[in-house]
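Before any comments, here is the structure.
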Amino acid sequence: MIIRHLALRQGRRALTSQPIRRWTRFFASQVDTVEASLQTTLGEIRKVEAFVNSRSDHPVSPVDADPSSTPDNDASPEENLSNLGSEITPHYQPHTLLTNPPSPSDITLELLLASGAHLGHNTSLWNPGNAKYIHGIRDGVHILSLETTAAHLRRACKIVTEVARRGGLILFVGTRAGQDRCVVKAAELAGGCHLFDRWTPGSITNGQQILGNCRMKVVDELDREIPDFEEQLLDRSVLKPDLVVCLNPLENYVLLHECGLNNIPTIGIIDTNADPTWVTYPIPANDDSLRCVQVIAGVLGRAGEAGNKMRLEAASQGEVTYQPAQGLKMPAEKKDGEGQASSGSAPVSELGFLQTLM
Amino acid sequence: MGRYDFRPLRVHSAATQLLETQRLRAEPPWYHVVANIPPSQPLVRPILNAAAQSKKGKKPSRMFQPMPIKYPEDQLRREFFSDHPWELARPRVVLEDDGKDGKRWEWSRIEQEGRALDGESVVQRQLYLMKRGGPEGQPMSKEAAYDKARKEFYAHRHQDEVERRVAREEALHVGAYFGKSALEIGMELEDKSYEDWKVWATKEAMAVQIQSQGGSLTTVDDEDAALDSEDPETVAALDEVEKSVPNNKKGQDAKGGAALHP
């Protein structure tokens, strides 16, 4: 019975096995078999290639083609690998606020929100005079209304543009740590003065004593310096700014007070704990965030740049957009061309250098 | 002059008066600019809390106070983070790129491209599900939405964990060395301070013992221990002095000393 079962189980396997193949292998060598299988595989792959090329728009290159002639090997490794890896989307780069500040047309609520302009101070620190600018309370902090901020910032931009167009001297002040670079950049763009360390008290009200030794120069309508005015400038009172932009009014009360005494309009960033009556044109925003301050300073600098550009364009077409300085006479004619042109009431403007302010 | 100084706001009218009285010879550059673009009216207190104006039981004095800003997510957020407080301990990026980050996300799935999965994802996903998460875009109940969003979150966290573990194992297999773990470093520090304490405590205990024995410098046990030494030099020295030391516990009597100097 056991033998019968064995025959039933193993007999099937013995029948399905291929004794013929063993016989052929006995006669064939190993090398011949590999060569033949390679040929059959290549033939199959060519068939597949032909099938793919007949169906698809993108033909595949033959598998046994010469590798040196394929286009991918001609390209450099950088070109081959450049489309690999993750894609880097445009993202916030802090330095661009200083190297390439946004212009007034770039003011959007998203920009202000991303720069944190809406964050005020703790509710217990608020100045009720700022109620108009406040949107609500979130986590015990007053949130400024960004619509108000944008509106006031645009208004301030217009003021800066127009004052720059009329040849006014604009002073940018930001005396907190880290504000220096944006203040300098804004002044550079607007062609004004900057202050980033400390306001010397009395520089406006007692300017003759404090800034009396500073150099002053006379320029023509294209901002070229005109020499030989030194004698006339000796007994001239020192320059005062025509517009002051203050990025941290809380620390610069003395400056703002002096501006008020001397009828100089001021623009300032007013946080929820600052007094909005200290400045003429408040910009309700977060003065503690450096990003926000850089955005505002950059925007105002760009506004000044636009005003200067308009002034110089008008000047190049022979139009002067401002009143000439009072009480200056053209020095004795030395150069014939300029002397003739400006012998009468020539448009001589007075744009000064307040050296200590710089 | 009252409490406020309004001179900064009245630069234009002041300049006009000075020009009229000839104290200013020429118009300053800003004169027409400020006239055309006047400053906004300051110190205006708009009604911020309209409810306090009309409703009974609300103080009218609250009328001018700013109101708290509330969003529907607030309650969801509170519940999630009270259930998962350690989610707050994970580092997260709070920097905004351009302020439009919220517009790029679409909460029909919990994973967003370019945004790390965190508790806020669950809150936003739950809010989405509560609006249109049910079959055929029907609103979902708050609890069901929370469960669904939460479980998706767990699944992702679990997968992350497994991936991290496998990556670590692979790295270890090919020869990476990660140094000591935080727990090992902590245990070492703890052991070290315990050993330091043991040294200090032994010293203190010794000092207390010495003090309690009235300042006696050596004990009998110590003496015996010294004499039991196997050191050949000590043995030789002992042999040398053995003759002069009486063979009893008391030892030699003092000769002189107190008797000579009463």
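So you know, we letter chains A, B, ... as the sequences are listed, proteins then strands, and number each from 1. Small disclaimer: the values here were computed from a predicted structure and weren't measured.
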Dump the table of donor-acceptor contacts under 3.5 Å between chain A and chain B, or return none if there are none.
from	atom 1	to	atom 2	distance (Å)
Y92(A)	N	D97(B)	OD1	3.0
E110(A)	OE2	K103(B)	NZ	2.9
K132(A)	NZ	Q41(B)	O	2.6
I137(A)	N	M67(B)	O	2.9
I137(A)	O	I69(B)	N	2.7
R138(A)	NH1	I69(B)	O	3.1
R138(A)	NH1	D74(B)	OD2	2.9
R138(A)	NH2	D74(B)	OD1	2.9
H152(A)	NE2	S40(B)	OG	3.2
R155(A)	NH1	P38(B)	O	3.1
T280(A)	OG1	P8(B)	O	2.8
Y281(A)	OH	I37(B)	O	2.6
R291(A)	NH1	E96(B)	O	3.1
R291(A)	NH2	E96(B)	O	3.2
R291(A)	NH2	D97(B)	O	3.2

Q | Check: L256(A) and P8(B) side chains under 4.5 Å, non-hydrogen atoms | A | no
Q: Name the region of P46(B), side chain, backbone, both or neither, that has any atom closer than 4.5 Å to a heavy atom of chain A.
A: side chain
Q) At a heavy-atom separation under 4.5 Å, does L24(B) approach chain A through its side chain, its backbone, both, or neither? A) neither
Q | Which portion of I264(A) sits near chain B, non-hydrogen atoms under 4.5 angstrom | A | backbone
Q: Report the residues that fulfil side chain to side chain contact (heavy atoms under 4.5 Å, CB included) with A151(A), sequence neighbours left out, ordered by chain and then residue number.
A: none
Q) When rounded to the nearest 0.5 angstrom, what distance separates CG in L48(B) from CD1 in I134(A)? A) 8.0 Å
Q) Non-hydrogen atoms of chain B under 4.5 Å away: do they reach the side chain of V279(A), the backbone, both or neither? A) backbone
Q: Give, as side chain, backbone, both or neither, the part of P265(A) having an atom under 4.5 angstrom from any heavy atom of chain B.
A: both
Q: Output the option from P68(B), P66(B), P38(B) having the highest count of non-hydrogen pairs under 4.5 Å with chain A.
A: P66(B)
